[in-house]
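For ligands, and for the atoms within them, numbers begin at 1 and follow the listed sequence. Numbers here simply count residues along the sequence, with the first being 1.
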Amino acid sequence: MQRLDDIIARSDTAAAWRERDLAVLWHPCTQMREHLDPAGTLPLLPVERGEGAWLVGRDGRRYLDAISSWWTNLFGHAEPRIAAAIARQATTLEHVILAGVSHAPAVELAETLLSIAPREAGREPLAKVFYADNGSAGVEVALKMAFHWFRNRGIEGRTKFIALDNGYHGETLGALAVGDIPLYRRVYAPLLAEALFAPSPDAYLCEDGESPAERAHRAADALAALLERHAGEVCALILEPRVQCAGGMRMHDPAYLKRARELCDAHGVFLVCDEIAVGFGRTGTLFASEQSGVQPDLLCLSKGLTGGALPLAAVLATQSIYEGFLDDSREKAFLHSHSYTGNPLACAAALASMAIFEQDDVVAHNRATSQRMAQFAMPFADRPHVADVRQAGMIVAFELTRGGDKRTPFNPSARIGLRAYREALRRGVLLRPLGDVLYWMPPYCIDEDALQLLADTTRAAIDHAIEEAACA
Ligand SMILES: Cc1ncc(COP(=O)(O)O)c(C=O)c1O
């Protein structure tokens, strides 16, 4: 009885908290009207604390964080080794300007990142690290560096970036300019620098009888033609290796990146790999570029860099790019900065996170977990309305369409994904689909019971969403 009272009291607290929150907060990536709607179109989840793969709500219930809190969390919430590293650093040096100043966490992390970065035989390695404080800012750094490098050499005409259809690189105006997701981009289009877009190698778009590798080569042929048409105008190609995450967890064959690397070399264009979402073990290897045997000229990292504990981004560049900025002129320097560049707390969290990869043999552990995820996911292929089940390491996605036919997506107004989200949350799983794509991208510490819950809940959420939409 006492337990019941406790649950009721906590639920009241959760409801009161929602009111308090909505009185003052404007939440990211959210149509706030859906939160304010008394019908509960979009429920708000008040969270009290995190424990491993779980979030504990103010209602006292546990919710499985199946999306690693926007793909940031690697080893579970409140990971004690990362927490201890942050606490230690906080009592030593919490922050200091990085211009003209040096500190151990920034240097040690740079050394570590350079030692684990993708490497390609015969290519000059990534040799320098520039810090920013979130993924979009990291993308801005890489784009500006690529452009500025040519300027510094007196080459004025290389002003364009090539990006991929359906790609995503963040929300700041520069990053948005090389993104291709209409929902985020369309309204700001008049403000955005012009970019060139090449067809995505997305395997979901394979034509009848076409293999993912053939699709990748067809897309690479189109990239070759685009580079040819704009010879001498392009400074960089930016792409997400292996998985276009925000674009609906669309996956492609590693052959594409290999061809893209060759084409960039042939045209003297920098290759920027945005591994902000796919880096640090997400796709089965430490970095997704490794699966293509490719090393970029500029590598963008963020999200999992700190294990998901603190915001930080790192852009890794070759020595040649770095040397392109050495000059007597200050204008030729890379004068980009953020107040919190190289924040010691974030760097300490990242160092602890990198140590965990070794201590826990994370990539090997993930190999086993991703095999279990495959076993749980496979039966979904036979379910009605599931058009595609795809996986890259620790990412699994389910594409829902009418009758499971790729050519007949659900009408967006049916809000299938949102209906599934609500049902999953009711059952204790935080899923947050991308449109009508449901996906699993859990913290690496997810265990067998949680995987079972995830699979059961996903199945129930899909069935519920379809049924509810049919009745609406
Ligand atoms: C591939 C990719 N690049 C860049 C970003 C932007 O990162 P942030 O949200 O930290 O600005 C994201 C965020 O989802 C991403 O997935």
I'd like to know if D65 and R432 make a salt bridge, using a cut-off of under 4.0 Å between side-chain N and carboxylate O. no
Looking just at side-chain N and O atoms, do R259 and H217 make a donor-acceptor pair shorter than 3.5 Å? yes
Heavy-atom cut-off of under 4.0 Å around ligand 1: list whichever protein residues fall inside it, by chain and number. W71, N134, G135, S136, Y168, H169, G170, E240, D274, I276, A277, K303
Between the main-chain N or O of V234 and the side-chain N or O of R158, is there a donor-acceptor pair closer than 3.5 Å? yes
Sequence neighbours left out, what passes ring-ring contact (aromatic ring centres under 6.0 Å, His included) with Y444? Give chain and number order. none
S302: partners by side-chain hydrogen bond (donor to acceptor under 3.5 Å, both in side chains), with sequence neighbours left out: none
According to salt bridge (charged side-chain N to carboxylate O under 4.0 Å, His left out), does anything in residues 25-34 pair up with another residue at least two apart or in another chain? List the pairs. E34-R415
